[in-house]
2 protein chains.
Amino acid sequence: MNAGRTARERARAELTEEIKNEARRQLRIEGPAALSLRAVARELGMVSSALYRYFRNRDELLTALITDAYRALGAAAEQAVATVPAEDHRDRWRACWHAARDWAVAHPHEYALIYGSPVPGYHAPGDTIAAARRLVLVLLGVLRDGHAAGRLRPLARVKLPGGLAGQLDALIAEFAPELSRELFARLLSAWTQLFGAISFELFGHYVGSVDPSADFFAYLIEDLADQVGLPA
Amino acid sequence: MNAGRTARERARAELTEEIKNEARRQLRIEGPAALSLRAVARELGMVSSALYRYFRNRDELLTALITDAYRALGAAAEQAVATVPAEDHRDRWRACWHAARDWAVAHPHEYALIYGSPVPGYHAPGDTIAAARRLVLVLLGVLRDGHAAGRLRPLARVKLPGGLAGQLDALIAEFAPELSRELFARLLSAWTQLFGAISFELFGHYVGSVDPSADFFAYLIEDLADQVGLPA
DNA sequence: ACTCCTAGAGAGCAGTGATCTCGATATAGA
DNA sequence: TCTATATCGAGATCACTGCTCTCTAGGAGT
């Protein structure tokens with residue numbers, strides 16, 4: 001793994017990781033606005049200016065944390081789905097969403113970093129949008145498998161507003177030519193719905209209604225599984 | 001309106017409003033993290049310490065902006081619904097959601113303040129949760145009217161996870177004893193869905209899929225109207 | 001006319017992100 | 001093995017922030 005890397009390079013990579021870890025630790029306590037380069041440096045026993053050898057500025061550190069978070073969330077979903085037999089399509093759907101929600105609950109501040117309001121000065125490098133896509137691709141994979149196995153209940157045809165049909169067609173052509181517009185629309189809808197629910201839960205909007213919201217979340221997962229045509 | 005208020009009180013109220021307006025102006029440009037009391041004071045031609053006569057600290061100013069935002073969003077929804085004849089239930093549903101989305105698009109930073117990640121040091125005073133409820137209450141009103149007029153298609157009975165049924169019953173008892181669990185679950189679900197969609201749109205998560213997302217949003221509104229049983 | 005109280009000014013403190021310079025040192029090439 | 005180079009971290013510094021304190025001018029209420 002480390003073959004061909006000089007001691008310096010390894011040290012640099014390690015320290016970079018330590019900086020991010022310490023930053024994550026601070027994030028866990030106070031949230032992104034309170035993340036202070038100086039405090040991170042202090043905790044690591046160095047001086048703040050040294051930190052600029054590793055990250056050009058505060059935003060760059062935050063961006064690194066953001067892409068890491070996308071990666072972690074994507075990995076959690078992929079792993080969860082991988083543990084379920086490929087032919088249990090609905091269970092895979094469930095596994096993916098529960099993994100996403102569990103990860104979010106376990107890392108609320110990192111979740112807020114990626115699905116909360118964008119931090120000031122965010123530039124969404126191409127890096128992050130690829131990482132962000134992973135979770136949707138996992139779900140899409142589940143649906144494609146289900147479709148290929150002929151285990152997807154066909155969806156009723158729906159009237160789609162003008163521009164939407166074209167947007168869906170473009171996505172279909174790029175990602176899953178065998179699927180229908182209706183299914184794709186429902187996938188996007190489910191994706192929106194569940195991240196909406198996770199956000200509402202974590203950001204406190206369910207306080208006073210369905211809080212704690214584990215059961216409501218489970219209800220949504222089943223409901224949306226039905227809507228995309230996954231058989232019980 | 002101003003009867004019985006001394007000149008001093010009026011001046012104070014006016015300046016308070018000016019401070020909030022200037023703060024909103026800065027919010028529009030840079031986001032909440034960049035909101036600076038000193039900059040606000042500077043722009044208003046006073047010194048920063050004077051500002052503390054009006055707001056105890058930065059968080060208190062932000063909290064004021066948050067409750068204002070909830071109020072504005074709630075008012076926008078109420079007005080939109082009020083312009084539609086009471087018997088056009090589905091149109092009222094549409095009007096409410098379109099008003100919410102339009103307001104969010106017109107005030108993205110204020111939207112982020114209330115539906116993005118909670119700002120550090122948020123304490124969600126009781127004030128805000130009442131204001132936050134207004135929009136849901138508008139929707140609930142639309143559904144109650146529809147139900148009272150017998151114009152709501154009955155919903156299929158659904159199996160609800162253990163705790164959820166109890167939570168829904170409590171809400172039903174408090175807000176609308178005549179409605180069914182299924183309808184309430186769908187209302188919460190629609191609420192989640194549409195704010196999820198607004199957030200995804202504003203925070204850039206639809207880039208590369210359904211962006212611009214006006215049509216997708218319209219699709220969701222119709223879909224959810226169907227799901228809560230509003231007849232076309 | 002007298003007090004009282006409030007709004008605002010100004011100085012100051014501790015903390016922040018960021019930049020620059022300057023030695024120390026590990027690396028790489030001869 | 002010796003040396004030139006690139007990297008790293010320290011320290012000082014700048015402009016900025018939120019916030020507190022003290023002080024004064026002047027309007028409000030008696």
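A note on names: the letters A, B, ... follow the listed sequences, proteins ahead of strands, and every chain is numbered from 1.
Using a 4.0 Å heavy-atom cutoff across all strands shown, A:F55 reaches no nucleic acid atom at all. Within the 4.0 angstrom heavy-atom criterion, no nucleotide atom of any strand lies near B:L51. If you check every strand for non-hydrogen atoms under 4.0 Å, A:L15 touches sugar and phosphate atoms only.
With respect to the salt-bridge test (charged N to carboxylate O, under 4.0 angstrom), the residues B:K20 and B:E17 qualify. For B:E201 and B:R101, the salt-bridge test passes: some basic side-chain N is under 4.0 Å from an acidic carboxylate O.
Of the side-chain N and O atoms in B:R12, one or more sit less than 4.0 angstrom from OP1 or OP2 of C:dA7. Considering only side-chain N and O atoms, A:Y54 lies under 4.0 angstrom from the phosphate OP1 or OP2 of D:dG9. At C:dG8, none of the side-chain N or O atoms of B:S49 fall inside 4.0 Å of OP1 or OP2 (strictly under the cut-off). An OP1 or OP2 oxygen of C:dC4 is reached within less than 4.0 angstrom by no side-chain nitrogen or oxygen of B:R8.
In this structure, A:F195 and B:F200 have tilted ring planes: the angle between them lies in the 30° to 60° band.
In this structure, B:L61 atom CG and D:dG18 atom P are separated by 10 Å, rounded to whole Å.
In this structure, B:H109 and B:I29 have side chains that are not in contact, with every pair of non-hydrogen atoms separated by 4.5 Å or more.
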